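See structure below.
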Amino acid sequence: MTTETALPVDAPATRAGRPSGSRVVPALRFGALALGALAALVPFYYMVIGALQRERDTSLLGLLPLPGNLTLDNFTEVNESINLLRSLSNSLIMTAGVVGCTLVFGLLVGYALSILQFRGQGLVFALVLLVQAIPFQLLMIPLYVMVVRYFNLADNYIGMILPFAINSVAVLIFRQYFLQIPKEIFDAARIDGASEMRILRSIAVPLVRPAVLTAMLVTFIGPWNEFLWPFLVTKNADLQTLAVSLANFSQSNGTFLANPMGAVLAGACVLAVPVVVLFLLFQRHFTSANLGSAVKG
């Protein structure tokens, strides 16, 4: 007598149904992320379109302008009024100075807080954290009095750079990276007779290159877009950054143009180009550095 085993009829259907269900969730997730990315890009797209319009169109149809309404005259007009190259140079000098000081002081302080042992180390680290909780606007008046009146650094690149020379975020980034390096490496270098500066320059810095890149990119955006402090300490138009020059242009010369908002948006496009180019060039390194810091932290 033979017994027949019943085949699981519903099994193929179940197996076939699983892949389709598993594909729906990633598709919905991808669609939501794509929609959020497009929504975030709309202001940037509107800025570019507004900078290219001969006659300003604020309607929804203005997002898809006619070819006859596109021109580069707005860039020419704003360049004739504020000298874009000079303003860009001022922004670049200020940003390069801030980034350079941030990397130097951030490496030194981060190395001291993570590798060295000294009395009051915990207090210094607590003060670094406290600085992050204090808004810059709260310190602006005493900084202005100290920099402009006491140090006489008005209309000076040093006066623009000095308040941003030390970035507490960069200090924390370097400290966290240094903590992941085995201390035996530094002890072996000390036994070989290397000084602390030699250890920092030859051993520590090459091991934290992702942190250097991360701190550089994070620090670059702030001073490049900074408006309020350069506006306070610079009265000479030849030393004003692009953000300050655009603000002065929109309040004075821009009102006499046929499309003043288009000229302002053209200047804003010029201001945004270096940041966009920097992000596109270092996107892969920046993403890997952020992921590495998140895993290590």
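Since the model is a prediction, treat every value here as computed from it, not as a measurement.
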Other residues, nucleotides, ligands: >12 heavy atoms within 6.0 Å of Phe231 CZ = no
Spell out, yes or no, whether Ile49 and Leu38 are grouped together once hydrophobic residues are joined by side-chain heavy atoms under 4.5 Å, including indirect joins.
-> no
The reported gap from CG in Asn74 to CG in Asn79 (rounded to nearest 0.5 angstrom) is 12.5 Å
Can you check whether Phe151 reaches Met146 side chain to side chain, under 4.5 Å on heavy atoms?
-> yes
Do Leu228 and Phe136 have side-chain heavy atoms sitting under 4.5 Å apart?
-> no
Within-4.5 Å side-chain heavy-atom neighbours: Val128 and Leu172 | yes
pair Gln240-Pro230: side-chain heavy atoms closer than 4.5 Å = no
Out of curiosity, Gln53 CD to Leu70 CG, how far, rounded to the nearest 0.5 Å?
-> 7.5 Å
Ignoring hydrogens and geometry, is there a side-chain-to-backbone donor-acceptor pair from Gln121 to Ala112 under 3.5 Å?
-> yes
Show your reasoning for whether side-chain contact (heavy atoms from CB on, under 4.5 Å) applies to Leu200 and Val205.
-> CA-CA 6 Å; Leu200 176 64; Val205 173; 4.2 Å; yes
Measure across Phe75 and Leu84 and return the closest heavy-atom pair with its distance rounded to 0.1 Å.
-> O-CD1, 4.3 Å
Within residues 79-102 or reaching into it, pairs that qualify as salt bridge (charged side-chain N to carboxylate O under 4.0 Å, His left out) - sequence neighbours excluded = Arg86-Asp238
What distance separates Leu28 CG from Leu33 CG, expressed to the nearest 0.5 Å?
-> 11.0 Å
State, yes or no, whether a side-chain contact exists between Val212 and Phe174 at a heavy-atom distance under 4.5 Å.
-> yes
Could you grab the distance from atom CD1 of Ile158 to atom CE of Met94, nearest 0.5 Å is fine?
-> 13.5 Å
Are Phe227 and Leu246 co-members of a hydrophobic cluster defined by side-chain heavy atoms under 4.5 Å apart?
-> no
Verify the cluster assignment for Val131 and Leu123: are they in a single hydrophobic cluster under the rule of side-chain heavy atoms below 4.5 Å apart?
-> no
Please confirm whether the backbone N or O of Pro223 pairs with a side-chain atom of Trp229, one donor and one acceptor, at under 3.5 Å?
-> no
Does CZ belonging to Phe118 count more than 12 external heavy atoms closer than 6.0 Å?
-> yes
Nearest heavy-atom neighbours spanning Phe178 and Ile115 | O-CD1, 3.8 Å
Following the transitive rule for hydrophobic clusters with a side-chain heavy-atom cut-off under 4.5 Å over Ile, Leu, Val, Met, Phe, Trp and Tyr, establish whether Met197 and Leu113 coincide in one cluster.
-> yes
Leu103 and Ala215 have their tightest heavy-atom pair at CD2-CB, 4.0 Å
Where Ser91 and Leu242 come nearest, the two heavy atoms and their spacing | OG-N, 2.9 Å
Check Val98 against Phe164 and note the closest heavy-atom contact, atom names and distance.
-> CG1-O, 3.5 Å
Measure the shortest side-chain to side-chain distance between Ile173 and Val208 over non-hydrogen atoms and say whether it is less than 4.5 angstrom.
-> no
If you look at every heavy atom in Met160 and Leu239, which pair is closest and at what distance?
-> CE-O, 3.8 Å
Establish whether Leu85 and Ile82 are linked, either directly or via other cluster members, by ILVMFWY side-chain heavy-atom contacts under 4.5 Å.
-> no
Counting only heavy atoms not in Leu179, do more than 12 sit closer than 6.0 Å to its CG atom?
-> yes
Side chains of Val148 and Tyr144 in contact at under 4.5 Å (non-hydrogen atoms) | yes
Side chain proximity check, Leu52 to Thr71, heavy atoms < 4.5 angstrom | no
Would you find a donor on one side and an acceptor on the other, under 3.5 Å apart, between the side chain of Asn167 and the backbone of Val169?
-> yes
Report yes or no: does Trp224 contribute a side-chain atom to a donor-acceptor pair with the main-chain N or O of Leu271 at less than 3.5 Å?
-> yes
What distance do Phe30 atom CZ and Leu35 atom CG have between them, rounded to the nearest 0.5 Å?
-> 11.5 Å
Any chance CD1 of Ile141 has more than 12 other-residue heavy atoms, nucleotides or ligands included, within less than 6.0 Å?
-> no
OH on Tyr150 to CG on Asn152, rounded to 0.5 Å = 13.0 Å
Could you list all the salt bridge (charged side-chain N to carboxylate O under 4.0 Å, His left out) pairs where at least one residue sits in residues 195-206, not counting sequence neighbours?
-> Arg190-Glu196
With sequence neighbours left out, the residues meeting side-chain hydrogen bond (donor to acceptor under 3.5 Å, both in side chains) with Thr76 are none
Exam field: side chain Asn236 to backbone Asp155, donor-acceptor pair closer than 3.5 Å = no
